[in-house]
There are 2 protein chains.
Amino acid sequence: MSSDSLPTPTRILQATLTLLEAPGAKLPTMSDIARASGVSRQAVYLHYPSRTDLLVAATRYQDTQNDVDAALAASRNARSGAERLDAFVTAWGNYIPKIYGVARAILAVTDTDPEAAAAWNTRMQDMREGCRAAIRALEDDGTLPPGTDPEQATDLLWTILSVRTWENLTQTCGWSQTCYLDTVRGLALAALAQDVGALTDVLACPDPPA
Amino acid sequence: MSSDSLPTPTRILQATLTLLEAPGAKLPTMSDIARASGVSRQAVYLHYPSRTDLLVAATRYQDTQNDVDAALAASRNARSGAERLDAFVTAWGNYIPKIYGVARAILAVTDTDPEAAAAWNTRMQDMREGCRAAIRALEDDGTLPPGTDPEQATDLLWTILSVRTWENLTQTCGWSQTCYLDTVRGLALAALAQDVGALTDVLACPDPPA
DNA sequence: TAATCAACTTGACACCGTGTCAATTGACAG
DNA sequence: CTGTCAATTGACACGGTGTCAAGTTGATTA
């Protein structure tokens, strides 16, 4: 087994991700994680001094595994601003499901642990850069609505693309991923690229509203 | 003091709301609440068997105090669908800041306590009815984008008007309430009432992006 | 005046999860 | 053989929730 030969910190991270990504799982305790890692509870603390540290390390590890930057960089090749926005929404929207488990765990402790909140914020700041770039491309095209402050447009796009929005539509409302993508893409184009028809035939997915 | 003459359960609820509504406050413990109520910790459990029960009771109490229904009912008088949507967004958007403290506390335990999640969901279901009605008005006007399923349009509006969205824009991004309102109104009109100019000059609030 | 009853208090305790500490084991390297 | 490092074991403190039993207080009723 390759997992036996991996260094302990990595084994712990992988076990953490496995627990976090299990659909509909309860938020794991340190004991759960230790057990799943095949390691004592104290060994976990030996490598990650607190639960928050571990969760943050888990996101970082996950990012290196998934190569976010590569996925998001694809949108840089788009010519028009609208195309770029489209590509960015698609790339990020498809990335969210991969990180949702970890995001959920971090967001859950965010209310009580300011350190976790800070870590998550800087994590999301990177994504915000992508929003910023997409908005700037629209700005160059002159397709932004008249009188729009690019900073606020970035905030809006960033909010539309937030994990919470994804969670609401797919988890609470039961939308499929493709339906989510179509809608959010249409919403972004309609609101920020003045694309009138962007939402035509979009809100019509054959989904059972769970 | 009028608060001395109030029945204990009510005093507890009021103290809870006061703690919850204090800006930037930590989530209060049962001891905090008892102390603020001028009552022993066990007296709290005497009336509310669990923290979740207390929080849920606090929202209900708050709703009766604020008379949500009256505020939201105003939107029923609008003639056109777009006007109705506008009025509803304004009414609900102005209600969110009042309930945010409690909402925050309930949402925080939602991840671990399914009972709290259920209570909050039914709480939000009422609001969803308002979304549904606004969408239906647009449907009657024929202003919904072609090929739109009203149920999904409702989901989308409901998500746009979610507490999380408000939280993201006003708390995290530092937007003013009026800026939030203008933007969300514009977003809803642009996306669901095909109002092309709804976002013109809207994303231009003189706010310091905190 | 005395008994009663409900609301409330006091203080203890169990349970769980986080985080800490100290003593111990086992393997590997010089 | 000895040191060192990683990991284990088992104990403990702390904070928060929730429970329990015994006592207090004050108003009502006999």
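These numbers come from the heavy atoms of this one structure, side chains and all, not from hydrogens, waters or symmetry mates. Order of the sequence lines sets the chain letters (A, B, ...), proteins ahead of strands, with each chain counted from 1.
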List in numerical order all residues of residues 28-43 of chain B for which some heavy atom is under 4.0 Å away from an atom belonging to DNA chain C.
-> Val39(B), Ser40(B), Arg41(B), Gln42(B), Ala43(B)

Selection: residues 104-123 of chain A, any non-hydrogen atom under 4.0 Å of DNA chain C |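 Output list: empty, so none.
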
Have a look at the helix from dT1(C)-dA30(D) to dG30(C)-dC1(D) and give the angle its two end axes make, five pairs each, rounded to 10 degrees.
->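 Roughly 20°, once rounded to the nearest ten degrees.
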
Would Arg132(B) and Glu129(B) satisfy salt bridge (charged side-chain N to carboxylate O under 4.0 Å, His left out), going step by step from the backbone distance to the final call?
-> CA-CA 5 Å; Arg132(B) 187 122 195 34; Glu129(B) 275 315 302; 5.5 Å; no

For Arg128(A) and Thr154(A), run side-chain hydrogen bond (donor to acceptor under 3.5 Å, both in side chains): C-alpha distance rounded to whole Å, both residues' side-chain angles, the deciding distance at 0.1 Å, then the answer.
-> CA-CA 7 Å; Arg128(A) 197 172 184 284; Thr154(A) 303; 5.1 Å; no

Go through Thr159(A) and Ser162(A) one step at a time and tell me if the side-chain hydrogen bond (donor to acceptor under 3.5 Å, both in side chains) criterion holds.
-> CA-CA 5 Å; Thr159(A) 300; Ser162(A) 71; over 6 Å; no

Going by side chain to side chain donor-acceptor pair (under 3.5 Å), name the residues that satisfy it together with [X], two or more places apart in sequence or in a different chain.
X: Asp195(A); value: none
X: Asp111(B); value: none
X: Thr178(B); value: Ser176(B)

The complete set of side-chain hydrogen bond (donor to acceptor under 3.5 Å, both in side chains) pairs with one or both residues in residues 16-25 of chain A, sequence neighbours excluded, reads Glu21(A)-Gln62(A)

Going by the side-chain hydrogen bond (donor to acceptor under 3.5 Å, both in side chains) test, which pairs reach into residues 114-125 of chain A, not counting sequence neighbours?
->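 Sorted result for residues 114-125 of chain A: Asp63(A)-Arg123(A).
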
Test Glu167(A) against Arg164(A) for salt bridge (charged side-chain N to carboxylate O under 4.0 Å, His left out), laying out the working first.
-> CA-CA 5 Å; Glu167(A) 183 180 46; Arg164(A) 293 302 192 183; 3.0 Å; yes

Contact summary for Ala137(B) and Arg84(B), nearest pair of heavy atoms |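 It is CB-CD, 3.7 Å.
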
Nearest 0.5 Å please: distance from the CG atom of Leu138(A) over to the OG1 atom of Thr148(A).
->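 Nearest 0.5 Å value for the CG-OG1 distance: 10.0 Å.
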
At what distance, to the nearest 0.5 angstrom, does CG of Leu156(A) lie from CG of Asn168(B)?
-> 10.5 Å

Can you name the residues that form a ring pair (Phe, Tyr, Trp, His ring centres under 6.0 Å) with Tyr100(A), not counting sequence neighbours?
->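 So Tyr100(A) forms a ring pair (Phe, Tyr, Trp, His ring centres under 6.0 Å) with Trp166(A).
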
Partner residues of Trp92(B) under the ring pair (Phe, Tyr, Trp, His ring centres under 6.0 Å) criterion, sequence neighbours left out |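 Tyr95(B).
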
Give a yes or no answer on whether the side chain of Arg11(A) reaches the backbone of Ser37(A) with a donor-acceptor pair at less than 3.5 Å.
->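 Yes; judged by distance alone, with no hydrogens or angles, the pair exists.
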
DNA chain D: 5'-most and 3'-most nucleotides touching chain B, 4.0 angstrom heavy-atom criterion | dG16(D) to dC20(D)

Contact residues, residues 47-55 of chain B to DNA chain D [heavy atom, < 4.0 Å] = Pro49(B), Ser50(B), Arg51(B)

